[in-house]
There are 2 protein chains.
Amino acid sequence: MTGLNEQSREPFKTGGISRIQEKNRSLILEAALGEFSKKGFSGATVERIAAEAGMSKSNLLYYFPSKEAIYNAALAHILEVWLAPLKTLDPQGEPADELAAYIRQKIAMSATYPEASRLFANEVMQGAPQILPILETNLKRLVDEKCQVIEDWIAAGKIRRIDPVHLIFTIWATTQHYADFSVQIKALTGKDLSDEDFLRETEQSVTAIVLNGLGITWPQAEQGAE
Amino acid sequence: MTGLNEQSREPFKTGGISRIQEKNRSLILEAALGEFSKKGFSGATVERIAAEAGMSKSNLLYYFPSKEAIYNAALAHILEVWLAPLKTLDPQGEPADELAAYIRQKIAMSATYPEASRLFANEVMQGAPQILPILETNLKRLVDEKCQVIEDWIAAGKIRRIDPVHLIFTIWATTQHYADFSVQIKALTGKDLSDEDFLRETEQSVTAIVLNGLGITWPQAEQGAE
DNA sequence: TTGCATCTTGACCATTTGGTCAAATCGTTC
DNA sequence: GAACGATTTGACCAAATGGTCAAGATGCAA
């Protein structure tokens, strides 16, 4: 279990990355995301990832020195995009708009990148062996910052008093749930976020609960139109 | 991947289960819960489970015919208790009381049996290979029934109009999140549900959002007292 | 105590799997 | 097209692991 930041720099001595390198890395990372999110770290096999990426196991190991390195690379690859939405929460904006937009983005992420959500969930559930340091530094810094934004909204009387961190957890939990537990959701409703109507429905419901939960007069936009 | 319901009936030909059988089964299931929830199905090893249970691998395999059988038994063992709280949702009760009680129970479950939550989450995230049939039958029946209860509350004007199934998902997501992502929560807040104050705080926050989200006049009981 | 079923274990096996390596092929530059 | 580095692969290895088996230990009833 080495650090997350180390990348394989073996194959290219010169500064540039050949086109074939870039393509294969990308193929590998995509295949790795699929496999790791589906089977977990231990359940995934290097051979299957290689097959999925359309190359031999040996060749894959030419690009990444170990299974763990592939895993870390896949994780790092999704992490930034996965945590990006929170950064857009604007202190200047209206809480209703900002939070609704944040929820919408998070649900869109769950719909578009369910595998990323599951990979992340898997990692954290196993104790975050690879990304714990990042959670404790980068993510904590970001969350602290946004908690302050929420605090300010509370102080300004714009939303009901609540512990900001629990609000963030609630939004994370509800939105990611639809990706992580999509099988269960499909078993119970017959649909999941890949269904457009269900996506809108989910967006409506989650947004309604959270915003009303915060005492925000929530216009429930375009509800009449649909 | 055989069915979930089959249990190892090898060791005892006679109807009764010896005391030692009962004890060892229990030890094994407890150890299995710990290992499977920590490492996932593939990551867990029979030998470690056996060691944790204080016996040899061979002996463990005397009680359960295979790793998968242990997994299924552990899963079946927690499933009932895990889904029990929803059953207590009483159509006769007041929504505020009933939902608050349900949320409290679910959070208590997350605090008391976080491993069960993670085991369940893991199973579902991997596509519920073992319990999908149960989700589609037993759980669906239960959820449908409780959705009707919520519908009735809506029809009676007791809570805001919302799709009941999303309300249930929201409660599941928020409450289980504190068990499944406890490492992340600890990284961000320094605490988790094992901390009594944090437990109360979580209960308050989640209940407040959900109940207010449903437009329920929520007394916020004993908030002044604490 | 004896006898038998239950329980326990170490030795062993077959398979899976992460990773190595030398050889072969491909691509590019001169 | 020669040379050389980049890319690709099959053969192979060592460790881990799920599971079997025969033999031994233990508990219990008569």
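Residue numbers begin at 1 in each chain, while the letters A, B, ... track the order of the sequences.
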Both B:Leu60 and A:Ser66 contact DNA chain C. Taking the nearest nucleotide for each, which residue is further toward the 5' end?
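Closer to the 5' end of DNA chain C: B:Leu60.
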Would you please name every residue forming a salt bridge (Lys or Arg N to Asp or Glu O under 4.0 Å) with [X], sequence neighbours left out?
X: A:Lys140; answer: A:Asp144
X: B:Asp192; answer: B:Lys186
X: B:Asp90; answer: none

Contact string for nucleotides 10-16 of chain C, one letter per nucleotide 5' to 3', B = base within protein heavy-atom range under 4.0 Å, S = sugar-phosphate only, - = neither, reads BB-----
For nucleotides 24-30 of chain D, give me one character per nucleotide, 5' to 3': B if any protein heavy atom sits under 4.0 Å from the base, S if the only such contacts are to the sugar-phosphate, - if neither.
-------
Counting only side-chain nitrogens and oxygens, does B:Gln21 get under 4.0 Å of the OP1 or OP2 atom of C:dT6?
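Result: no.
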Looking at A:Tyr62, I'd like to know whether one of its side-chain N or O atoms comes within less than 4.0 Å of OP1 or OP2 on C:dG19.
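Looking at the OP1 and OP2 atoms of C:dG19, neither is under 4.0 Å from any side-chain N or O of A:Tyr62.
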Is there a donor-acceptor pair under 3.5 Å between the side chain of [X] and the backbone N or O of [Y]?
X: B:Lys146; Y: B:Lys87; result: yes
X: A:Ser110; Y: A:Thr175; result: yes
X: B:Gln130; Y: B:Leu75; result: no
X: A:Glu123; Y: A:Ile131; result: yes

Given atom [atom1] of [X] and atom [atom2] of [N], what is their separation to the nearest angstrom?
X: B:Met55; N: C:dT6; atom1: CE; atom2: P; value: 18 Å
X: A:Lys67; N: C:dT20; atom1: NZ; atom2: C1'; value: 18 Å
X: B:Arg48; N: D:dG19; atom1: CZ; atom2: C1'; value: 18 Å
X: A:Arg25; N: D:dA6; atom1: CZ; atom2: C1'; value: 14 Å
X: B:Lys39; N: D:dG18; atom1: NZ; atom2: C1'; value: 16 Å
X: B:Asn24; N: C:dC7; atom1: CG; atom2: C1'; value: 9 Å
X: A:Glu47; N: D:dT9; atom1: CD; atom2: C1'; value: 12 Å
X: B:Ile28; N: C:dC7; atom1: CD1; atom2: C1'; value: 12 Å

Tell me, please, which residues at least two apart from A:Pro95 pass side chain to side chain contact (heavy atoms under 4.5 Å, CB included).
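If we apply the side chain to side chain contact (heavy atoms under 4.5 Å, CB included) test to A:Pro95, skipping adjacent residues, the hits are A:Trp153, A:Lys158, A:Ile159, A:Ile216.
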Aromatic B:Phe64 / basic B:Arg25 pairing, under 6.0 angstrom, 45° off normal
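B:Arg25 over B:Phe64 ring: yes.
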Could you work out, with ring-ring contact (aromatic ring centres under 6.0 Å, His included) as the rule, every residue matching B:Phe198, not counting sequence neighbours?
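A:His166.
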Check ring-ring contact (aromatic ring centres under 6.0 Å, His included) between B:Phe181 and all other residues, then give those that pass, not counting sequence neighbours.
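Once residues adjacent in sequence are excluded, the partners of B:Phe181 under the ring-ring contact (aromatic ring centres under 6.0 Å, His included) criterion are B:His177.
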End axis versus end axis in the helix from C:dT1-D:dA30 to C:dC30-D:dG1, the angle rounded to 10°, five pairs used at each terminus:
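Roughly 10°, once rounded to the nearest ten degrees.
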Not counting sequence neighbours, list each pair that qualifies as a side-chain hydrogen bond (donor to acceptor under 3.5 Å, both in side chains) and has a residue in residues 30-40 of chain B.
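Listed by first then second residue: B:Glu35-B:Arg48.
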Kindly state each residue pair satisfying side-chain hydrogen bond (donor to acceptor under 3.5 Å, both in side chains) with at least one member in residues 99-108 of chain B, sequence neighbours excluded.
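side-chain hydrogen bond (donor to acceptor under 3.5 Å, both in side chains) check on residues 99-108 of chain B returns B:Thr88-B:Gln105, B:Tyr102-B:Trp172.
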Touch check for A:Ala44, heavy atoms < 4.0 angstrom, all strands: base, sugar-phosphate only, or nothing?
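Touches sugar-phosphate only.
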How close do B:Asp180 and B:Arg118 get, heavy atom to heavy atom, and via which atoms?
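Smallest heavy-atom distance, with atoms named: OD1-N, 3.5 Å.
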Please list, pair by pair, any protein nitrogen or oxygen found under 3.5 Å from a nitrogen or oxygen in nucleotides 23-29 of chain C.
none

